[in-house]
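Only one structure is covered here, and it is reproduced in the block below.
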Amino acid sequence: QVELVESGGGSVQAGGSLTLSCAASGSTYCMGWFRQAPGDQREAVASISTYGDTTTYIDSAQGRFTISRDDAKNTVTLQMNSLKPEDTGMYYCAGGATLYACSTESWSAERRYKLWGQGTQVTVSS
């Protein structure tokens with residue numbers, strides 16, 4: 001099974017930027033980034049299609065975050081700019097279960113994804 005490893009988290013002040021990376025041990029289908037703040041449910045933040053032609057974002061991330069993929073390196077990146085304290089949380093990389101799931105399930109549904117990383121912490125201070 002393909003394994004996912006996130007990196008790039010850290011602590012920044014509001015308005016700052018971070019770049020999260022997700023390294024996969026093999027090829028993947030659609031990919032997503034989720035986050036979970038303490039006491040909250042995990043929520044989808046961004047997704048990129050299997051072929052990289054479609055990206056989707058949660059409303060609060062639109063215009064500030066950019067998801068991209070490099071299939072030659074089996075990596076997915078989440079560029080986060082203009083960070084806000086409400087962006088604080090553990091960020092998880094997720095890999096699509098199957099090509100069919102990627103094309104039929106909602107981009108934000110956890111059932112769309114089969115592979116999960118261990119997470120990387122992002123803390124934004126005001």
Side-chain angles (χ1 to χ4, degrees):
Q1 175 162 303
V2 175
E3 295 184 348
L4 305 178
V5 178
E6 303 96 334
S7 62
S11 297
V12 296
Q13 290 191 327
S17 298
L18 282 173
T19 302
L20 305 184
S21 293
C22 175
S25 60
S27 59
T28 57
Y29 298 116
C30 60
M31 297 291 292
W33 284 96
F34 286 71
R35 69 184 175 197
Q36 186 170 23
D40 289 347
Q41 287 189 331
R42 188 159 59 183
E43 64 175 354
V45 175
S47 176
I48 188 164
S49 61
T50 300
Y51 304 108
D53 53 340
T54 302
T55 57
T56 313
Y57 302 91
I58 192 174
D59 286 348
S60 62
Q62 192 74 40
R64 299 189 298 124
F65 292 7
T66 302
I67 187 171
S68 60
R69 64 188 299 158
D70 184 340
D71 290 331
K73 298 180 180 179
N74 288 331
T75 59
V76 175
T77 299
L78 184 67
Q79 176 66 45
M80 305 187 296
N81 299 324
S82 302
L83 283 162
K84 304 175 181 180
E86 50 264 43
D87 294 318
T88 293
M90 185 70 77
Y91 281 68
Y92 298 90
C93 178
T98 63
L99 197 59
Y100 180 78
C102 289
S103 62
T104 59
E105 297 284 359
S106 168
W107 73 277
S108 60
E110 291 200 14
R111 62 180 177 273
R112 187 191 199 210
Y113 306 93
K114 175 183 179 181
L115 309 172
W116 293 88
Q118 294 301 306
T120 185
Q121 178 67 37
V122 171
T123 303
V124 184
S125 58
S126 57

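Being a predicted model, the structure only gives us computed values, none of them experimental. Heads up: numbering here begins at 1 and tracks the sequence.
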query: Can you tell me how far the CD1 atom of I48 sits from the OG1 atom of T55, to the nearest 0.5 Å?
result: 6.5 Å

Whether E105 side chain and A109 backbone form a donor-acceptor pair below 3.5 Å: no

- prompt: Is the closest side-chain heavy-atom distance between T50 and L99 below 4.5 Å?
  reply: yes

query: Can you tell if the side chain of K114 reaches within under 4.5 Å of the side chain of T98, non-hydrogen atoms only?
result: no

task: Side-chain contact test, heavy atoms from C-beta onward, threshold under 4.5 Å: evaluate it for T66 versus Y57 and give yes or no.
output: yes

query: Do M90 and R42 come close enough that some side-chain heavy atom pair is under 4.5 Å?
result: no

field: Shortest non-hydrogen separation from C93 to M31 and the atoms involved
entry: SG-CE, 3.4 Å

statement: Shortest non-hydrogen pair, D53 vs S49, comes out as OD1-OG, 2.5 Å

Residue pair C102 / G96: nearest heavy atoms and the distance that separates them: SG-CA, 3.8 Å

message: Under a 3.5 Å distance rule, please check whether D87 uses its side chain to pair with a backbone N or O of K84 as donor and acceptor.
response: yes

message: Could you check whether any side-chain N or O of R64 sits under 3.5 Å from a backbone N or O of S60, counting only pairs where one atom can act as donor and the other as acceptor?
response: yes

field: Ring-face cation of R35 near Y92 (centre distance under 6.0 Å, axis angle within 45°)
entry: no

query: With respect to R112, which candidate in S47, S106, S103 satisfies the side chain to side chain donor-acceptor pair (under 3.5 Å) definition?
result: S47

- prompt: Do Y29 and L4 belong to the same hydrophobic cluster, where Ile, Leu, Val, Met, Phe, Trp and Tyr are linked whenever their side-chain heavy atoms lie under 4.5 Å apart, directly or via other members?
  reply: no

query: Do side-chain atoms of S17 reach the backbone of N81 as a donor and acceptor pair under 3.5 angstrom?
result: no

- prompt: Are T120 and L20 side-chain neighbours, meaning at least one heavy-atom pair lies under 4.5 Å?
  reply: yes

Point-to-point distance, once rounded to the nearest 0.5 Å, from OG1 of T28 to OH of Y113: 11.0 Å

query: Is a donor on one side and an acceptor on the other found under 3.5 Å between the side chain of R69 and the backbone of Y51?
result: no

message: If you count every heavy atom of other residues, nucleotides or ligands that lies below 6.0 Å from E3 atom CD, does the total exceed 12?
response: no

- prompt: Can you check whether F65 and W33 have ring centres sitting under 6.0 Å from each other?
  reply: no

- prompt: Under 3.5 Å, is there a donor-acceptor pair linking the side chains of T19 and Q79?
  reply: yes

field: Taking every non-hydrogen atom, the tightest pair across V2 and A24
entry: CG1-CB, 4.0 Å

- prompt: Just wondering, do L83 and L18 contact through their side chains at under 4.5 Å, heavy atoms?
  reply: yes

- prompt: Between the side chain of E6 and the main-chain N/O of G119, is any donor-acceptor distance below 3.5 Å?
  reply: yes

query: Quick one: CZ on F34 to CD on E43, what's the gap to the nearest 0.5 Å?
result: 9.5 Å

- prompt: Sub-3.5 Å donor-acceptor pair from the side chain of T88 to the main-chain atoms of T123, do we have one?
  reply: no

message: To the nearest 0.5 Å, what is the distance between CG on N74 and OG on S27?
response: 6.5 Å

- prompt: Should the heavy atoms of other residues, nucleotides or ligands under 6.0 Å from CD of Q118 be counted, would the total exceed 12?
  reply: no

task: Check whether V122 and V45 end up in the same hydrophobic cluster, where Ile, Leu, Val, Met, Phe, Trp and Tyr are linked by side-chain heavy atoms less than 4.5 Å apart.
output: yes

